[in-house]
Amino acid sequence: MTDTLHGRCHCGAVTFEVRLADGIETARRCTCSLCAKRGAVAVSAPLDGITYLTGEDKLTLYQFGTMTAEHYFCSVCGIYTHHKRRSNPNQIGVNLACLDGHTPFLPEVVVTDGVNHPTDTGAWRNVGRLLFVPEGDAT
Ligand SMILES: [Zn+2]
């Protein structure tokens with residue numbers, strides 16, 4: 001499955017096309033100190049899967065900790081667009097909410113254990129799932 005999707009930050013300065021690794025099946029939240037604050041749902045894409053259409057020069061790089069991962073944000077509107085992973089340098093994570101036609105409010109999103117990072121522990125571990133229950137369906 002190789003759908004190419006169109007994406008943009010909030011203000012539209014940064015636009016891109018991205019070829020996902022496995023559609024939105026890879027949608028994840030993460031417990032690491034950065035993800036906990038930014039709150040985005042990320043989907044996986046190969047490192048060469050992203051093509052900038054506009055605004056590559058508007059992206060700001062943020063790094064912390066081991067300085068391995070590369071977290072990119074629009075310098076105009078502040079929205080996280082994607083990051084080059086520490087856990088898999090051949091992959092990027094892409095902000096699902098930036099992709100046209102997609103919403104981060106999926107029925108269920110897996111939460112991975114970014115606090116105990118797979119690069120340190122040797123394996124990905126999930127800590128739970130976040131459920132979205134539409135109003136009216138709650139029992
Ligand atoms: Zn922007």
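All ligand and atom numbering here is 1-based and tracks the order in the structure.
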Discussion item. Less than 6.0 angstrom separating the ring centers of Y52 and H82, yes or no?
Written reply: yes

Worksheet item: For C74, does its backbone N or O pair with a side-chain atom of T81 as donor and acceptor, under 3.5 Å?
Response: no

Fill in: Modelled atom types, side-chain donor and acceptor of S44 and R85, under 3.5 Å
yes

Practice prompt. Could you tell me how the ring of F73 sits relative to the ring of H71: parallel (under 30°), tilted (30 to 60°) or perpendicular (over 60°)?
Written response: tilted

Worksheet entry | Qualifying residue, where the test is side chain to side chain contact (heavy atoms under 4.5 Å, CB included) with R28 and the options are L96, T112, V111, V43 |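 The option that passes is T112.
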
Item to complete: For H6, look at atom NE2 and say whether over 12 heavy atoms of other residues, nucleotides or ligands are found less than 6.0 Å away.
Response: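 Yes, the 6.0 Å shell around NE2 holds more than 12 heavy atoms from other groups.
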
Worksheet entry | 2.8 Å shell around the Zn ion (ligand 1), exclusive bound, protein N/O/S atoms | 4

